[in-house]
A.B. asks: 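Here it is: the structure, laid out below.
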Amino acid sequence: MSFTIEERGRPNTQDYRVFFKNSAGEYISPFHDIPVYANEAENIFHAVIEVPRWTNAKMEIATKDPLNPLKQDLKKGNLRFVANVFPHKGYIWNYGAIPQTWEDPNHKDSDTGCCGDNDPIDICDIGNKVCSRGEIIKVKVLGTLALIDEGETDWKVIVINTEDPEAADFNDIDDVRRLKPGYLEATFDWFKRYKVPDGKPENQFAFNGEFKDRDFAIQTIKSTHEFWKALISKKPTLAKFNLTSYSELHIVHMSMYIIVSGWL
């Protein structure tokens, strides 16, 4: 299974988009059409890289737009760039999301006490390669951090690219502490303070900022995959998803994209 991208517009403009295509050259949604699993038996997942390491432009899967291309986030009408918070430069990992997952904004997590942030679940790839924007990689899950972002649960799953030459050495969160000393502490510090330059308070965390292990993280991903399946199939289990709070919701099975007006 292979994927390609098509860029439209100029980077660092509001018109810039990154669209995705499958091996047949057909346009697809990175949110809905790329399988969550690369190898289900081994719990290897696909991940969509939104922000390459060391860069600052806050790119994200556009959940409101047809085909869900990548686009740069806006705040108060301006393109959003994450500040360099000393000693960090931009994002300190390849940052992205796992397709076919969704953090349900109407489900209160029993561990965090907060509802989901209405987006696919986020990943931080700690591998050595600096990925490209829109690159689809296969990842091994190592653990997760439970960020509470403005009152919402926003899981940050720590992963490593399976093609990384050191991937075989990493199997759980303790391996990150042992083989990349200081990386988890830097990750916690980054997420705690990255909004402070914008005038916002430091972020909070569930579990007192403790990183949870691989098994916990995998279960969290699987849970968000179930929320996604309920979202796109409109199963009775989606009763807590309040459609009346949105001005429009179209679920289109053939192209598997969602247009939602009024999200976020």
Side-chain angles (χ1 to χ4, degrees), residues 29-32 36 45 47-48 50-51 58 60-65 68 73-75 80 82 95-124 141 143-159 187-188 190-196 198 200-213 215-251 257-264:
S29 160
F31 188 4
H32 305 294
V36 61
F45 297 87
V48 180
E50 299 164 313
V51 186
K58 181 66 172 73
E60 60 185 14
I61 293 173
T63 58
K64 303 174 188 178
D65 296 358
N68 313 122
D73 190 23
L74 298 176
K75 288 295 182 183
R80 184 178 173 193
V82 169
Y95 187 76
I98 296 178
Q100 296 186 346
T101 64
W102 181 58
E103 296 194 56
D104 188 344
N106 291 293
H107 172 78
K108 180 178 287 189
D109 189 278
S110 60
D111 291 310
T112 67
C114 298
C115 295
D117 72 346
N118 213 9
D119 281 323
I121 197 167
D122 298 319
I123 62 97
C124 302
V141 174
T144 190
L145 179 67
L147 174 67
I148 306 301
D149 190 351
E150 299 183 22
E152 298 176 331
T153 301
D154 190 4
W155 295 102
K156 306 300 180 182
V157 181
I158 309 301
V159 305
T187 295
F188 174 84
W190 195 97
F191 281 118
K192 182 178 181 180
R193 300 192 295 130
Y194 81 103
K195 289 188 176 181
V196 171
D198 297 327
K200 294 186 177 181
E202 293 181 344
N203 278 322
Q204 304 299 310
F205 302 84
F207 308 110
N208 294 317
E210 172 191 354
F211 284 83
K212 307 302 286 183
D213 66 13
D215 290 343
F216 186 101
I218 288 174
Q219 186 54 48
T220 300
I221 295 168
K222 290 182 176 181
S223 176
T224 60
H225 180 52
E226 291 302 314
F227 289 135
W228 172 82
K229 288 196 291 187
L231 173 67
I232 60 118
S233 64
K234 303 177 73 171
K235 291 179 180 177
T237 55
L238 195 58
K240 292 184 179 180
F241 186 65
N242 185 4
L243 299 180
T244 61
S245 66
Y246 308 114
S247 59
E248 182 178 36
L249 172 65
H250 294 288
I251 299 180
Y257 65 75
I258 293 183
I259 304 172
V260 183
S261 300
W263 278 23
L264 302 180

A.B. asks: Mind checking whether Phe191 and Tyr194 have parallel, tilted or perpendicular rings, split at 30° and 60°?
C.D. replies: perpendicular

A.B. asks: State, with a plain yes or no, whether a side-chain heavy atom of Trp102 is found less than 4.5 Å away from one of Thr224.
C.D. replies: no

A.B. asks: Quick check: are there more than 12 heavy atoms from other residues, nucleotides or ligands sitting under 6.0 Å from CG of Asp198?
C.D. replies: yes

A.B. asks: What do you reckon, is CD of Gln204 surrounded by more than 12 foreign heavy atoms closer than 6.0 Å?
C.D. replies: no

A.B. asks: Check the pair Thr144, Thr220 against side chain to side chain donor-acceptor pair (under 3.5 Å), reporting the backbone distance first and the verdict last.
C.D. replies: CA-CA 9 Å; Thr144 190; Thr220 300; 5.8 Å; no

A.B. asks: Do the side chain of Asn68 and the main chain of Asp65 share a donor and acceptor less than 3.5 angstrom apart?
C.D. replies: yes

A.B. asks: Decide yes or no on side-chain contact (heavy atoms from CB on, under 4.5 Å) for Asp109 and Trp155, but give the supporting numbers first.
C.D. replies: CA-CA 11 Å; Asp109 189 278; Trp155 295 102; 3.8 Å; yes

A.B. asks: Within the supplied structure, the quantity of interest is the number of heavy atoms (other residues, nucleotides, ligands) at a distance under 6.0 Å from Lys192 NZ; does it exceed 12?
C.D. replies: no

A.B. asks: Does any N or O in the side chain of Thr101 come within less than 3.5 Å of the main-chain N or O of Ile121, such that one atom is a donor and the other an acceptor?
C.D. replies: yes

A.B. asks: Could you grab the distance from atom NE2 of His225 to atom CG of Leu231, nearest 0.5 Å is fine?
C.D. replies: 12.0 Å

A.B. asks: Can a salt bridge be assigned to the pair Arg80 and Asp73 using a cut-off of 4.0 Å between side-chain N and carboxylate O?
C.D. replies: yes

A.B. asks: If we ignore angles and hydrogens, is there a donor and acceptor under 3.5 Å between the side chains of Asp104 and Trp228?
C.D. replies: no

A.B. asks: Identify, with sequence neighbours excluded, every residue that meets side chain to side chain contact (heavy atoms under 4.5 Å, CB included) alongside Pro99.
C.D. replies: Ile34, His46, Val48

A.B. asks: Between Glu152 and Glu103, is any pair of side-chain heavy atoms under 4.5 Å apart?
C.D. replies: no

